[in-house]
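In what follows, a structure is listed as structure tokens, so that the remarks can point back to it.
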Amino acid sequence: MNFFIFIIMSSTISSLFLLSFGDEPTEGFTEITLREENFELQKPYNIPLEKRYSFENGTHRLWVYADDKPHDPNSPTQPRTEIRIQGLDYSSGIWQFEGCAFVPNGTSGATILQIHGASHGATTIILRIYNGAMRYYSGQIFVTDLFDKWFKVNLIHNVDEGKVTVFIDGKQVFETKDQGPGDLHFKCGVYAAPANISYYMESRWKDIKIYKKVY
């Protein structure tokens, strides 16, 4: 066999092997069927939902303004419009959120995805957008140039090992210890940071899925 043909064939086979047997974030997980009742919408308490949320052609669009009210009149928190995954709270095991996100240029200081609940603090992890870069809370940057494009996010929480892993477009970009066990659930949308936020904040989500590792 011609040497160059052999190399090309070998490379092709290797590529196919990687595509077929690569480390996909959802490999080994079981998808949990989501129903309409699993999507609880939280928005500024004094504004109708349609003023801060829409759902068209499979895409959830969520937006909020810096001077909006919190989601509850008794809450001291920042304004938000978020989808809270309802009915799938967890406190053990290995769970995963998957979704495709879009953040328009200009949105900054907005949490787009979080795991709520922990034994130390209110959240296990917050993924926040500042000027097109994704940060761990307001700290470490692990992805840049995310404005005006769809990207897939996989967020895995191994409660038993106290570990959280983030994948963007199938590539692992971040891993950290969690904040301890608690009553845990996933949330996505826009939730204003305590400081350095844009006046208008928006994210869009589609193909939202929840997975659990079943042994």
Side-chain angles (χ1 to χ4, degrees), residues 17-42 60 62 71 75 77-78 80 82-101 110-129 133-143 146 151-191 193-194 203 205-215:
F17 181 85
L18 288 172
L19 288 171
S20 300
F21 301 100
D23 294 330
E24 291 293 332
T26 58
E27 186 174 349
F29 284 79
T30 298
E31 183 177 352
I32 297 174
T33 301
L34 293 177
R35 297 177 173 84
E36 185 176 350
E37 56 264 30
N38 295 122
F39 293 80
E40 176 188 334
L41 272 299
Q42 298 179 346
H60 305 266
L62 309 99
H71 71 295
S75 174
T77 59
Q78 290 283 84
R80 73 183 76 193
E82 287 185 299
I83 295 169
R84 183 229 199 270
I85 301 299
Q86 175 71 28
L88 293 175
D89 292 17
Y90 63 96
S91 58
S92 62
I94 307 175
W95 291 74
Q96 179 171 180
F97 173 99
E98 179 181 86
C100 292
T111 295
I112 65 166
L113 180 61
Q114 63 170 300
I115 298 174
H116 191 274
S119 56
H120 307 291
T123 57
T124 289
I125 189 171
I126 274 179
L127 302 184
R128 191 175 282 158
I129 297 292
M134 182 178 287
R135 292 177 178 260
Y136 174 64
Y137 292 86
S138 297
Q140 181 178 344
I141 295 175
F142 44 90
V143 185
L146 291 177
F151 55 93
K152 187 169 74 171
V153 185
N154 292 79
L155 178 59
I156 300 174
H157 188 191
N158 187 328
V159 185
D160 302 333
E161 294 185 1
K163 182 173 64 176
V164 186
T165 310
V166 181
F167 291 79
I168 301 295
D169 290 331
K171 178 182 178 182
Q172 182 177 327
V173 295
F174 185 72
E175 188 171 278
T176 187
K177 293 181 179 179
D178 66 13
Q179 311 293 333
D183 183 15
L184 306 157
H185 57 266
F186 297 104
K187 301 179 77 176
C188 65
V190 277
Y191 175 31
S203 76
W205 289 87
K206 62 183 180 180
D207 301 327
I208 296 172
K209 299 175 183 177
I210 301 295
Y211 297 88
K212 183 181 180 182
K213 186 157 283 192
V214 180
Y215 296 97

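For Glu82, the side-chain hydrogen bond (donor to acceptor under 3.5 Å, both in side chains) partners at least two apart in sequence or on another chain are Arg80, Gln114, Lys187. Residues meeting the side-chain hydrogen bond (donor to acceptor under 3.5 Å, both in side chains) test with Gln78, sequence neighbours left out: none. Residues passing the side-chain hydrogen bond (donor to acceptor under 3.5 Å, both in side chains) test with Ser75 are Thr77, sequence neighbours excluded. Residues satisfying the ring-ring contact (aromatic ring centres under 6.0 Å, His included) test with Phe39, not counting sequence neighbours, are His60. Every residue was checked against the ring-ring contact (aromatic ring centres under 6.0 Å, His included) condition with Phe29, not counting sequence neighbours, and none meets it. In terms of the side-chain hydrogen bond (donor to acceptor under 3.5 Å, both in side chains) criterion, Thr124 has no residue partners (sequence neighbours excluded). With sequence neighbours excluded, no residue forms a salt bridge (charged side-chain N to carboxylate O under 4.0 Å, His left out) with Asp169.
Closest of all the heavy-atom pairs between Leu62 and Val190 is O-CG2, 3.7 Å. The minimum heavy-atom distance linking Ile141 with Ala133 is given by the pair CG2-CB, 4.0 Å. Between Cys188 and Trp205 the shortest heavy-atom distance is CB-CE2, 3.7 Å. When all heavy atoms are compared, the tightest approach of Ser203 to Gly189 is OG-O, 2.7 Å. Between Leu127 and Ile125, the shortest heavy-atom contact is CD2-CD1, 3.9 Å.
The distance from the OG1 atom of Thr33 to the CG atom of Leu88 is 10.0 Å, given to the nearest 0.5 Å. Interatomic distance, CG of Asn38 versus CD1 of Ile32, reported as 9.0 Å (0.5 Å rounding). Separation of atoms CZ (Arg128) and OH (Tyr137) is listed at 8.5 Å; rounding is to 0.5 Å. To the nearest 0.5 angstrom, Ile85 atom CD1 is 4.5 Å from Ile210 atom CD1. Distance CD1/Ile112 to OH/Tyr191: 15.5 Å, rounded to 0.5 Å.
Residues Ile115 and Thr123 form no side-chain contact, since every pair of their non-hydrogen atoms from C-beta on lies 4.5 Å or further apart.
Residue pairs meeting the salt bridge (Lys or Arg N to Asp or Glu O under 4.0 Å) criterion with at least one partner in residues 154-166, sequence neighbours excluded, are Glu161-Lys163. Listed by first and then second residue, the side-chain hydrogen bond (donor to acceptor under 3.5 Å, both in side chains) pairs involving residues 176-185 are Arg84-His185, Tyr136-Gln179, His157-Asp178 (not counting sequence neighbours). For residues 205-215, no pair satisfies salt bridge (Lys or Arg N to Asp or Glu O under 4.0 Å), with sequence neighbours left out.
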Are Val164 and Ile156 close enough, and set up right, to give a side chain to side chain contact (heavy atoms under 4.5 Å, CB included), and what steps lead you there? CA-CA 6 Å; Val164 186; Ile156 300 174; over 6 Å; no
Dump the intermediate steps for side chain to side chain contact (heavy atoms under 4.5 Å, CB included) on Ile83 and Leu41, then the final yes or no. CA-CA 5 Å; Ile83 295 169; Leu41 272 299; 3.9 Å; yes
I'd like a table of donor-acceptor pairs (distance under 3.5 Å, sequence neighbours excluded) in which one partner is a side-chain atom from residues 92-101, with atom names and distances.
residue	atom	partner	partner atom	Å
Trp95	NE1	Ser92	O	3.0
Gln96	OE1	Asn154	ND2	2.8
Gln96	NE2	Pro25	O	3.0
Glu98	OE1	Tyr211	OH	3.4
Glu98	OE2	Asn154	ND2	2.9

